[in-house]
Asks: 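Please read through the structure below; I'll follow up with questions.
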Amino acid sequence: VRRVTRSRFVPARRNILSAAAALAGLGGLNRFCFAADAVKFVLAGPVFEHLERRVFLYFWETTDPHTGLAPDRWPLKTKVSVAACGFALAAYCIGFARGWVTRELAAQRTRTTLKWFKNAPQGAGPRGNAGYKGFFYHWLEADTGLRSELSELSTADTALFLLGALYARECFDGPSA
């Protein structure tokens, strides 16, 4: 059996999400990140800046602006990943800090995402819910935002989403948030 590998020029979802995590964790938002003084840019230069912009654009262009739901795969928008929504929240802050989008647009997209998840239906039933007792399902349907098939509640996805929300809170604080 021959194993199919991806071209090294087409980033896998895992690589994009890892890069987004690196941006958030390594001071990608140096103006707002409280750890920026302790963590100097380990990754710098034009290659990193290009990657940073592409990660931002991935989330900005593929996330539904009406719900804030980020697709797990692109161009097939069949499923939503709750973790990807958290990475998108961090990406909006980075886009604003780098001047790729205005604060107002980034804050609006962030509010839209957070409102959708706040109002998402929660319940124990196998259908018609996005989560249960504050935890979200690993996969959500892109068109409805509800549990996909028999997707499990995911502590990991929920945690990554909440990290994005906390990061956004640091970026968009104050009365104009």
Asks: Output the distance between atom CD (E170) and atom SG (C93), rounded to the nearest 0.5 Å.
Replies: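 One gets 9.5 Å once the value is rounded to the nearest 0.5 Å.
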Asks: Looking at every non-hydrogen atom in both residues, tell me the closest pair between G68 and C85 and how far apart they are.
Replies: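 That closest heavy-atom pairing would be O-SG, 3.7 Å.
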Asks: Below 4.5 Å, heavy atoms only, C-beta onward: do F135 and S154 meet side chain to side chain?
Replies: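 They are not in contact (no side-chain heavy atoms under 4.5 Å apart), so the answer is no.
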Asks: Under the ring-ring contact (aromatic ring centres under 6.0 Å, His included) test, which residues partner W60, sequence neighbours left out?
Replies: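 In terms of ring-ring contact (aromatic ring centres under 6.0 Å, His included), with neighbours along the sequence ignored, W60 is linked to F56, Y92.
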Asks: From R109 CZ over to T63 OG1, what is the distance, rounded to the nearest 0.5 angstrom?
Replies: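 R109 CZ to T63 OG1: 6.0 Å, rounded to 0.5 Å.
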Asks: Using side chain to side chain contact (heavy atoms under 4.5 Å, CB included), reason through R98 and E52 one step at a time and then give a plain yes or no.
Replies: CA-CA 10 Å; R98 298 289 182 250; E52 189 176 48; 3.0 Å; yes
Asks: If every non-hydrogen atom of E141 is compared with every non-hydrogen atom of E149, which pair is closest and at what distance?
Replies: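 Looks like OE2-N, 4.1 Å.
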Asks: Roughly how far, to the nearest 0.5 Å, is the CD atom of E152 from the CZ atom of R147?
Replies: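 That separation rounds to 8.5 Å.
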Asks: In residues 119-129, what donor-acceptor pairs under 3.5 Å come from side-chain atoms, sequence neighbours left out?
Replies:
{"unit_1": "N119", "atom_1": "ND2", "unit_2": "K115", "atom_2": "O", "d": "3.2"}
{"unit_1": "Q122", "atom_1": "OE1", "unit_2": "Y132", "atom_2": "N", "d": "3.0"}
{"unit_1": "Q122", "atom_1": "OE1", "unit_2": "K133", "atom_2": "N", "d": "3.1"}
{"unit_1": "Q122", "atom_1": "OE1", "unit_2": "G134", "atom_2": "N", "d": "2.9"}
{"unit_1": "N129", "atom_1": "OD1", "unit_2": "G123", "atom_2": "N", "d": "3.4"}
{"unit_1": "N129", "atom_1": "ND2", "unit_2": "G123", "atom_2": "O", "d": "3.4"}
{"unit_1": "N129", "atom_1": "ND2", "unit_2": "G125", "atom_2": "O", "d": "3.4"}

Asks: When you group the ILVMFWY residues by side-chain heavy-atom contacts below 4.5 Å and let the links chain together, are W74 and V55 in the same group?
Replies: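 Same hydrophobic cluster.
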Asks: Say you draw a straight line from CG of L160 to CZ of F87; how long is it, rounded to the nearest 0.5 Å?
Replies: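 It is 4.5 Å, given to the nearest 0.5 Å.
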Asks: List the atom of D173, the atom of R103, and the distance in Å for their closest heavy-atom pair.
Replies: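 Between these two residues, the closest heavy atoms are O-NH2, 3.6 Å.
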Asks: Taking only residues two or more places apart in sequence, or in another chain, which ones meet T112 in a side-chain hydrogen bond (donor to acceptor under 3.5 Å, both in side chains)?
Replies: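 Scan of T112 (side-chain hydrogen bond (donor to acceptor under 3.5 Å, both in side chains), adjacent residues dropped) gives Q108.
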Asks: For A142 and L69, work out which heavy atoms get closest and say how close.
Replies: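 For A142 and L69, the tightest heavy-atom pair comes out as O-CD1, 4.4 Å.
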Asks: Please list, chain by chain and in numerical order, all residues satisfying side-chain contact (heavy atoms from CB on, under 4.5 Å) with L57, sequence neighbours excluded.
Replies: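 L57 satisfies side-chain contact (heavy atoms from CB on, under 4.5 Å) with R53, E61 only.
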Asks: The criterion is ring-ring contact (aromatic ring centres under 6.0 Å, His included); which residues satisfy it with F117, sequence neighbours excluded?
Replies: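 F117 satisfies ring-ring contact (aromatic ring centres under 6.0 Å, His included) with F136, F161 only.
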Asks: Which pair of non-hydrogen atoms, one from P71 and one from Y58, has the smallest distance, and what is that distance?
Replies: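 Closest pair (atom of P71, atom of Y58, distance): O-OH, 3.6 Å.
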Asks: Identify whether L89 and W116 are in the same connected component of the hydrophobic contact network (ILVMFWY, side-chain heavy atoms under 4.5 Å).
Replies: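 Yes; W116 is reachable from L89 via cluster members.
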Asks: Applying side-chain hydrogen bond (donor to acceptor under 3.5 Å, both in side chains), can you list everything that pairs with S151, at least two apart in sequence or on another chain?
Replies: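 For S151 there are no side-chain hydrogen bond (donor to acceptor under 3.5 Å, both in side chains) partners, ignoring immediate neighbours.
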Asks: Looking at L140 and A130, what are the two nearest heavy atoms and their distance?
Replies: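 Where L140 meets A130 most closely, the heavy atoms are CD2-O, 3.7 Å.
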Asks: What distance do S148 atom OG and D72 atom CG have between them, rounded to the nearest 0.5 Å?
Replies: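 The CG atom of D72 is 10.0 Å from OG of S148, to the nearest 0.5 Å.
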Asks: Measuring from atom CG of D157 to atom OH of Y137, what distance do you get when rounded to the nearest 0.5 angstrom?
Replies: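 So the CG of D157 and the OH of Y137 are separated by 13.5 Å.
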